[in-house]
Asker: 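Please see the structure below; I have some questions.
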Amino acid sequence: MPNSTQLRFGLYGIRSLEAATLKETTLEAVRRTIRRKIKKSGRLWIMIRATIPKTKKPLGIRMGKGKGSIDHYVTPIRPGQILYEFDRVPRPLAVQALRAIQPKLPCKLGFVDFN
């Protein structure tokens, strides 16, 4: 996915204001929260994917003997990057969704309008 800083599909977007690294489980939790807020009629585009594998050795295993197995996937987030886009929802509902997901993410978020 390219590092997009402008809206491409929706009328509203959620933008990262700080750099961070997100796990795939965090992305799924945020997606569920947004979907719960905007219901079925709203359109949602997820502009980021967790594609970088992180490995971890099992607990109680000594050092050496090769690299550990893949534990989870992450994605780097850059300042200004659009994370999610919405359409077919009123503006107050989109701002509500932003407020609902802010505590779940490790970086500050901003709201973007299509102008």
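Any value given below was found using the heavy atoms of this structure, including those in side chains, with hydrogens, waters and symmetry copies removed. Because the structure is a prediction, the values reported are computed rather than measured. Along the sequence shown, residues are numbered consecutively beginning with 1.
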Asker: To the nearest 0.5 Å, what is the distance between CZ on Arg36 and OG1 on Thr33?
Answerer: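 Result: 5.0 Å between the selected atoms.
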Asker: CD of Glu85 to CZ of Arg8: how many Å apart, nearest 0.5 Å?
Answerer: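 Here the rounded value is 7.0 Å.
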Asker: To check you understand the geometry: which heavy-atom pair defines the closest contact between His72 and Glu24, and what is its length?
Answerer: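 For His72 and Glu24, the tightest heavy-atom pair comes out as CA-OE2, 4.1 Å.
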Asker: Check whether any side-chain heavy atom of Tyr84 sits under 4.5 Å from a side-chain heavy atom of Leu98, and report yes or no.
Answerer: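 They are not in contact (no side-chain heavy atoms under 4.5 Å apart), so the answer is no.
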Asker: Checking side chain to side chain contact (heavy atoms under 4.5 Å, CB included) between Tyr12 and each of Val89, Val112, Leu93, which is the one that passes?
Answerer: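 Running side chain to side chain contact (heavy atoms under 4.5 Å, CB included) over Val89, Val112, Leu93 with Tyr12 returns exactly one hit, Val89.
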Asker: Enter the distance from Arg49:CZ to Thr75:OG1 here, rounded to the nearest 0.5 Å.
Answerer: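 One finds 10.0 Å between CZ of Arg49 and OG1 of Thr75.
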Asker: With distance as the sole test, does Gln102 use its side chain to make a donor-acceptor pair with the main-chain N or O of Ala97 at under 3.5 Å?
Answerer: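 Here the side-chain-to-backbone pair does not exist.
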Asker: State, with a plain yes or no, whether a side-chain heavy atom of Phe86 is found less than 4.5 Å away from one of Leu44.
Answerer: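 Yes. Closest side-chain heavy atoms under 4.5 Å.
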Asker: Distance check, rounded to the nearest 0.5 Å: Leu7 atom CG versus Met47 atom CE?
Answerer: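 Here the interatomic distance stands at 8.5 Å.
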Asker: Are Ile14 and Ile101 close enough, and set up right, to give a side chain to side chain contact (heavy atoms under 4.5 Å, CB included), and what steps lead you there?
Answerer: CA-CA 10 Å; Ile14 294 179; Ile101 68 169; 3.5 Å; yes
Asker: Between Phe111 and Val95, does a side chain to side chain contact (heavy atoms under 4.5 Å, CB included) hold up when you go through it step by step?
Answerer: CA-CA 7 Å; Phe111 188 76; Val95 173; 4.0 Å; yes
Asker: Does Lys57 use its side chain to pair, donor to acceptor, with the backbone of Gly64 at less than 3.5 Å?
Answerer: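 A pair under 3.5 Å: yes.
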Asker: Measuring from Arg88:CZ to Ser41:OG, what's the distance to the nearest 0.5 Å?
Answerer: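 The OG atom of Ser41 is 8.5 Å from CZ of Arg88, to the nearest 0.5 Å.
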Asker: So Lys54 and Asp71, do their side chains get closer than 4.5 Å, heavy atoms only?
Answerer: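 Not in contact.
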Asker: CZ of Arg91 to CG of Leu11: how many Å apart, nearest 0.5 Å?
Answerer: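 Result: 11.5 Å between the selected atoms.
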Asker: Report yes if some heavy atom in the side chain of Ile82 is under 4.5 Å from a heavy atom in the side chain of Arg15; otherwise report no.
Answerer: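 A side-chain contact under 4.5 Å exists here.
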